[in-house]
There are 2 protein chains.
Amino acid sequence: MGVVRKTKSVMTVLNTFEQTGKAVSAVALVEHLQDSMNKTTVYRILDRLEDQGTLHSFMGKDGLKWYAKCDGCSSTHHIDSHPHFQCRGCGKTECLSMDVTIPPIPKHKVDFAELLLIGLCETCS
Amino acid sequence: MGVVRKTKSVMTVLNTFEQTGKAVSAVALVEHLQDSMNKTTVYRILDRLEDQGTLHSFMGKDGLKWYAKCDGCSSTHHIDSHPHFQCRGCGKTECLSMDVTIPPIPKHKVDFAELLLIGLCETCS
DNA sequence: TTACTTTTGCAATTCAGTTGCATTAAGAAA
DNA sequence: TTTCTTAATGCAACTGAATTGCAAAAGTAA
């Protein structure tokens, strides 16, 4: 799992998530931070923070990997199963603060769920 | 939107979905059909069948694009919102025949939802 | 058949994400 | 603080899913 050191780069990444409060794609983050750190570093920090349980990730309809802050998760316990909304107009993606009830599936062990809602945000509709 | 002609290649692709009855990743389909048609052709057929409403697609946790047959969808009306289960052991992905109730989101127009459940299938658990 | 449009194959390209390796910086211990 | 170990970083090269351009082939309607 590896210790996550609080380097400048790590703090910069975390600050970005604090500031936006929204989900951010890895690509967008690389672009946004291109002057302060390397692309590879961004990807590796995202990986580590996800392992640690600080962030969670999901695949957007656009094929990009998106990250958002976890609410009360750790590396062993992943309680975060809130839905995400992705606008098909502008691409903005946000976490929705509601819980998803995952139906039990016979003969399957469900670890966690990803609910992605596709539609139009207020600005785009 | 473009007419979809029932060419040999199109029928071959459709037959694959009929036979497996499961979701198939584009990559797996390309691999499976490599002797009968070109990679590009597979991707384009999948695109067309999705436009037409015959197939629906979703992004797997693995970053691959998965396709499955739609039940009662057309190009204008997408009623398919059943969940998919992806095994983190073997990667197999299946459609689950249950409906997801999409909660209404204030100020957002939700077109459709993708619910991806991650866990272990019967064989892998 | 003819005329027209869609579909296909192939090669080249794009681009998100990864890897290997040498260098740098955390941070614990002395 | 200085030393020492290990994690983190930068850079360049690479991987692989998916896309694009274009000429050739195959559908389809008349």
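Below, read A as the first sequence line, B as the second, and so on, with proteins coming before strands; counting in each chain starts at 1.
- Between B:E122 and A:K109 there is no salt bridge, since no side-chain N of the basic residue sits under 4.0 Å from a carboxylate O of the acidic one.
- Ring pair B:F58/B:W66 is parallel by interplanar angle, where below 30° counts as parallel and above 60° as perpendicular.
- Residues B:V27 and B:K8 each lie close to DNA chain D; by heavy-atom proximity, the contact nearer the 5' end of the strand is made by B:V27.
- Comparing the local axis fitted to the first five base pairs of the helix from C:dT1-D:dA30 to C:dA30-D:dT1 with the one fitted to its last five gives a bend of 40°, rounded to 10°.
- In summary, the side chains of B:E114 and A:H84 do not present any donor paired with an acceptor at a separation below 3.5 Å, with no hydrogens or angles considered.
- With the nearest nucleotide of DNA chain D identified for both A:V10 and B:M59, A:V10 has the one nearer the 5' end.
- Residue A:R44 places a side-chain atom within donor-acceptor reach of the base of D:dG10, judged by atom type and a 3.5 Å distance cut-off alone.
- Using a distance-only test at 3.5 Å, with no hydrogens or angles considered, a donor-acceptor pair links the side chain of A:K61 to the main chain of B:S57.
- The nucleotide whose nearest atom lies closest to any side-chain atom of B:M37 is, among C:dT18, C:dG9, C:dT7, C:dG9.
- Interface remark: the A:K65 side chain does not form any donor-acceptor pair with the C:dG17 base, using a distance-only criterion of under 3.5 Å.
- Taking 4.0 angstrom as the limit, A:S9 places a side-chain polar atom (N or O) nearer than this to OP1 or OP2 of D:dT9.
- In this structure, A:R48 reaches the D:dA8 phosphate: one of its side-chain N or O atoms is under 4.0 Å from OP1 or OP2.
- A close approach under 4.0 Å does occur between a side-chain nitrogen or oxygen of A:Y43 and OP1 or OP2 of C:dG17.
- Here A:T41 does not reach the OP1 or OP2 of D:dA8: none of its side-chain N or O atoms lies under 4.0 Å away.
- Side-chain contact check for A:L117 versus A:Q86: every heavy-atom pair is 4.5 Å or farther apart.
- Residues B:C90 and B:C121 meet the side-chain proximity criterion, which asks for heavy atoms closer than 4.5 Å.
- The base of C:dT5 sits with one of its N or O atoms less than 3.5 Å from a complementary donor or acceptor on the side chain of B:R5.
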